[in-house]
Protein chains: 2
Amino acid sequence: MPDIDQTDLEILRLLQHNAELTNKEISAKLHKSVAAVHERVRRLKEQGYIKRVVAILDRKKIDRSLIAFSHVLLKDHSANTLSSFEKEVIRFPEVMECFQMTGTFDFILRIATADMDAYHVFYRKLATLPNITTVQSFFVLSETKSDTAYPL
Amino acid sequence: MPDIDQTDLEILRLLQHNAELTNKEISAKLHKSVAAVHERVRRLKEQGYIKRVVAILDRKKIDRSLIAFSHVLLKDHSANTLSSFEKEVIRFPEVMECFQMTGTFDFILRIATADMDAYHVFYRKLATLPNITTVQSFFVLSETKSDTAYPL
DNA sequence: GCTGAAATAATAGCGTT
DNA sequence: AACGCTATTATTTCAGC
């Protein structure tokens, strides 16, 4: 973090939890002027500290009650196999996240579906991709903590 | 989704990707008045479809280059063991997410740290908690996809 | 539930220290 | 960098349909 100070960090802390705060509200908390906060927020976006501002939905209300993690092992690790798997898998709407991993398997996918039937549909699509050796599925029983905000 | 229509879904779609859109911009896309959009967004928040609006930071810029998944197996599954583990683990600032799972282990944690040294510090704190049998750690090599927006 | 319009509030730009 | 001031835009409210 080369070019941001404590005030910037405090702004990031606040906006990570609630990006609907107005510059006026932030300026009151930080004992700065509205214009100063405005300029800092503009800079934090421009420099890429803030990538974007998004609405977080209640997944149960929009029919994504089932979250699964899928561990994928590929047949080989050639550049082609890896990149064509990535290219295909990110196009599945069920795939919220995809990480290439170190260790005993190659990718972790986080899958959001309505229910087990919908997961099964996804699973069959996934297993059809070329060069997959195994897919292991783990299902979320309960969400103890789910945070998009990094402590700063 | 009992009480929302196609227009609401379109608003949710838009705001999931960019919550900085103004009501005017949304109203232009949907061919509705600004006041109509305003009222719908208000309702979507009030009814809990939109849980919150947050800034998403670039984790590499704020020194969280290492993401790990930790699989935790507990000694037993008594209500006490489970809930006291949950209560302790969510207090670690490194733990972004914690899910109780079905299957061969009990919890998946998503951990964000600066580097492997910082992960090691976390690992030793975690392993100190009572009733833990094993912790398996998997490290992210690369992030292929990371989305907070559900396709609607 | 939508519209248009009016009132209130926030953001964006600028000149100064 | 921060400030206050001003202009521009956006949000919020409301009467009427």
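So that the names make sense, note that chain A is the first sequence line, chain B the second, and so on, each numbered from 1.
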Check your understanding: Salt bridge or not for A:Arg42 and A:Glu39, using N-O below 4.0 Å?
Key -> yes
Atom pair distance, as rounded to whole Å: [atom1] in [X] and [atom2] in [N]:
X	N	atom1	atom2	answer
B:Ile11	C:dC2	CD1	C1'	13 Å
B:Glu46	D:dT12	CD	P	14 Å
B:Lys24	C:dA5	NZ	P	14 Å
A:Gln6	D:dA1	CD	C1'	16 Å
A:Lys32	D:dA2	NZ	P	5 Å
B:Lys45	D:dT11	NZ	P	9 Å
A:Leu15	C:dT11	CG	P	11 Å
A:His31	D:dA2	NE2	C1'	16 Å

Check your understanding: Who are the side chain to side chain contact (heavy atoms under 4.5 Å, CB included) partners of A:Ser84, not counting sequence neighbours?
Key -> none
Practice item. List for me each residue that meets side chain to side chain contact (heavy atoms under 4.5 Å, CB included) alongside B:Val135, sequence neighbours excluded, and say none if there are none. Key: B:Ser70, B:Val72, B:Tyr123, B:Leu126, B:Ile132, B:Ser137
According to a strict under-4.0 Å criterion, is [X] in side-chain N/O contact with OP1 or OP2 of [N]?
X	N	answer
A:His38	C:dA12	yes
A:Asn23	C:dT11	yes
B:Arg40	C:dC2	yes

Check your understanding: Are B:Phe107 and B:Phe85 close enough that their ring centres sit under 6.0 Å apart?
Key -> yes
Atom pairs, N/O to N/O, protein against nucleotides 4-6 of chain D, distance under 3.5 Å?
none

Check your understanding: Between C:dA10, C:dC2, D:dA10, which nucleotide has the shortest distance from any of its atoms to the side chain of B:Ala36?
Key -> C:dC2
Name each donor-acceptor pair under 3.5 Å that joins a side chain in residues 52-62 of chain A to protein atoms two or more places apart or in another chain, with its distance.
{"residue": "A:Asp58", "atom": "OD1", "partner": "A:Lys60", "partner atom": "N", "Å": "3.0"}
{"residue": "A:Arg59", "atom": "NE", "partner": "A:Glu143", "partner atom": "OE1", "Å": "3.2"}
{"residue": "A:Arg59", "atom": "NH1", "partner": "A:Arg64", "partner atom": "O", "Å": "3.0"}
{"residue": "A:Arg59", "atom": "NH1", "partner": "A:Ser65", "partner atom": "O", "Å": "3.1"}
{"residue": "A:Arg59", "atom": "NH2", "partner": "A:Glu143", "partner atom": "OE1", "Å": "2.9"}
{"residue": "A:Lys61", "atom": "NZ", "partner": "B:Gln47", "partner atom": "O", "Å": "3.1"}

Check your understanding: Start at the 5' end of DNA chain C and walk down; is the nucleotide closest to A:Arg42 or to A:Glu25 reached first?
Key -> A:Glu25
Can you give the donor-acceptor pairs under 3.5 Å from side chains of residues 89-97 of chain B to other protein atoms, not counting sequence neighbours?
{"residue": "B:Glu94", "atom": "OE1", "partner": "B:Lys125", "partner atom": "NZ", "Å": "3.3"}
{"residue": "B:Glu94", "atom": "OE2", "partner": "B:Lys125", "partner atom": "NZ", "Å": "3.0"}
{"residue": "B:Glu97", "atom": "OE1", "partner": "A:Arg110", "partner atom": "NH2", "Å": "2.8"}
{"residue": "B:Glu97", "atom": "OE1", "partner": "B:Arg110", "partner atom": "NE", "Å": "2.7"}
{"residue": "B:Glu97", "atom": "OE1", "partner": "B:Arg110", "partner atom": "NH2", "Å": "2.9"}
{"residue": "B:Glu97", "atom": "OE2", "partner": "A:Arg110", "partner atom": "NH2", "Å": "3.0"}
{"residue": "B:Glu97", "atom": "OE2", "partner": "A:Ser146", "partner atom": "OG", "Å": "3.2"}

Review point. For residues 22-37 of chain A, which residue pairs qualify under side-chain hydrogen bond (donor to acceptor under 3.5 Å, both in side chains), counting only residues two or more places apart or in two chains?
Key: A:Thr7-A:Lys32, A:Thr22-A:Glu25
